[in-house]
Q: 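Provided herewith is a single structure, encoded as structure tokens, for subsequent inquiry.
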Amino acid sequence: MTIHSRIQTREAVVSVVGLGYVGLPLAALFAGAGFRVHGIDTDDARVRAVNEGRSYIRDVPDAAVERLALRERRLTAAAGYDAVARSDAVIVCVPTPLSKTRAPDVSHVADAAERISPRLRAGALVVLESTMYPGSTEEFLLPLLLAGARTKLEPGRNLFLAFSPERVDPGQGEWTIANTPKLIGGVTPACTEAASALYGSVIQRVHPVSSPRAAETAKLLENTFRATNIALANEMALICDRLGLDVWEVIEAAGTKPFGFMPFYPGPGLGGHCIPVDPQYLAWKLRTLDYTARFIQLAEDINFSMPQHVVGKIADALNEDAKPLRGSRVLILGVAYKPDVSDTRESPALELRRLLAAKGAEVSYHDPHVPAVRHEGLALRSVGTEGQPTLKDALQASDCAVIVTDHTTYDWHSIAAAGQLFVDTRNALRKAGATPSKLITL
Ligand code: SAJ
């Protein structure tokens, strides 16, 4: 039976490598559609959770994993790759971060490919979902799969290979994997057809493109679009500062235009595992072609200058109270990289803490989603946790409170009443109608 007919009958077996915020929802989606799914993850705690019917990803309810793994027995997990030998399709959803030199770190993809290839069945489909640089599926992944295979594989004949970028936005209620259009770029037309058949069986709309490179680059454009527009909003904050204007008022005014404008907002910098990272994959590839992606470079320069800009705002605010930064108690509110998440990857709050501490400020933080975080070798604990002051006491004791991430659970009125001086990088207090005694915004 061809992979198409096995997909039609739901007899196709799917392996998902990497059970994180992309892989686990994807595995649950295929298992929920009637496929047999094998999850593969190096994290034993994740493997155990799935096999015990528990979830650790907010968008996948425990009840779903319990039903799929324990009752319907269509979802299992393992640390090893043996299930690949029994799979018609293998979907790779492993992290693709940046190295210390901010070059692509493709080690997880390489490791997965080297462990998949000797187990790969002839006629199987492999799809890479991890965000990668243009050309990587054909130039990096394909050779690894061919080199390690036990039989001679030929793309489009007895190996189907495609790139299909993940578009998962954790906590985003409206857009799910099932209803977000899915790009599919196969190494050959037959590869595109096979991948489209698989995803088309669980996702409402698939959008085939002419090559993996087109799909890889479309994904990078999506997130480069965000990074550059966020940088424009950040530069508007620097511009309005010099014009003596309220950048929030200016953006709100521009946002009344019903066409041709999309508001982005300034902030303390750019956090997360996507937006600060993905554009660098594109810039890196272009450097190998002797081209400088100038918008990406400029956006990175501006976005990464924002923590320093916030330090200047804090120093100016304390200066008004004749307080030097050195020795002042500064409380950071919100260290997660965006509201209502616990992820602190590339969080500007941590860079802000480092800069403030380097100038001698006594820095503490509060985050309802991040009770503790390690940074620069320090084990930091949130105020409001055991053995720490309460948030109210920390606010009352602070010389300056800095709003960095505006979690929706914050009670801005009681926060404004408890502190005396605020630097608000998200305009959260004014949006809530809270009026502290002293307020500086970006
Ligand atoms: N940020 C600003 N100003 C803005 C928007 C964001 O400073 O106007 C900051 C955030 O505080 C955060 C960083 O930028 O530190 C990234 O924010 P984000 O809203 O882009 O959130 P992410 O990183 O979770 O981006 C994800 C992406 N999803 C995928 O890559 C699959 C992105 O493509 C989504 O568009 C985005 O979620 C979303 O729309 O929420």
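As the structure is a prediction and not an experimental result, all values here were calculated from the model. Start at 1 and go down the list; that is how both ligands and their atoms are numbered.
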Q: In ligand 1, which numbered atoms sit nearer than 4.0 Å to a non-hydrogen atom of R167?
A: 31 (C)
Q: Which atoms of ligand 1 are found less than 4.0 Å from any heavy atom of C274?
A: 30 (O)
Q: Would E139 and R213 pass as an ion pair if we require N to O under 4.0 Å?
A: yes
Q: Does this structure show an ion pair linking E222 with R167, if we count only N-O contacts that are shorter than 4.0 Å?
A: yes
Q: Heavy-atom contact under 4.0 Å between G272 and ligand 1?
A: no
Q: Using distance alone, with no hydrogens and no angle criterion, decide if Y281 and E216 have a side-chain donor and acceptor under 3.5 Å apart.
A: no
Q: In the protein, what heavy atom is nearest to atom 21 (O) of ligand 1, and what distance, to one decimal place, separates them?
A: K338 NZ, 3.4 Å
Q: Can you list everything that forms a ring pair (Phe, Tyr, Trp, His ring centres under 6.0 Å) with F422? Sequence neighbours excluded, please.
A: none
Q: Nearest non-hydrogen atom to atom 7 (O) of ligand 1 belongs to which of R426, R345, H273?
A: R426
Q: List the closest protein heavy-atom neighbour of atom 14 (O) of ligand 1: residue, atom name, distance to the nearest 0.1 Å.
A: L270 CD1, 3.2 Å
Q: Write out the residue and atom name of the closest protein heavy atom to atom 28 (N) of ligand 1, then the distance separating them to 0.1 Å.
A: V168 O, 3.8 Å
Q: Using a strict cut-off of less than 4.0 Å between a Lys/Arg side-chain nitrogen and an Asp/Glu carboxylate oxygen, indicate whether D278 and R226 qualify as a salt bridge.
A: no
Q: For atom 26 (C) of ligand 1, which protein heavy atom lies nearest, and how many Å away is it?
A: D169 OD1, 3.6 Å
Q: Of all residues at least two apart in sequence or in a different chain, which pass the salt bridge (Lys or Arg N to Asp or Glu O under 4.0 Å) check with R115?
A: none
Q: Does ligand 1 have an atom that lies less than 4.0 angstrom from a heavy atom of K219?
A: yes
Q: Any N/O of D278 closer than 3.5 Å to an N/O of ligand 1?
A: no
Q: Which of these, N234, V341, I230, N223, has its nearest heavy atom closest to atom 33 (O) of ligand 1?
A: N223
Q: With a 4.0 Å cut-off on N to O distance, would you call R430 and E249 a salt bridge?
A: no
Q: Does atom OH (Y56) have a neighbourhood of more than 12 heavy atoms from anything else shown, all under 6.0 Å?
A: yes
Q: Report, in ascending order of atom number, the atoms of ligand 1 lying under 4.0 Å from any heavy atom of F264.
A: 8 (O)
Q: Any non-hydrogen atom of R226 lying under 4.0 Å from ligand 1?
A: yes
Q: Assess K285 against Y133: is NZ or CZ under 6.0 Å from the centre of the six-membered ring, and within 45 degrees of the ring's axis?
A: no
Q: Please say whether more than 12 non-hydrogen atoms of neighbouring residues, nucleotides or ligands are located less than 6.0 Å from CD in Q396.
A: yes
Q: Which atoms from ligand 1 have a heavy atom of G271 less than 4.0 Å away?
A: 12 (C), 13 (C), 15 (O), 16 (C)
Q: Pick whichever of W175, Y265, Y337 has a heavy atom sitting closest to atom 8 (O) of ligand 1.
A: Y265
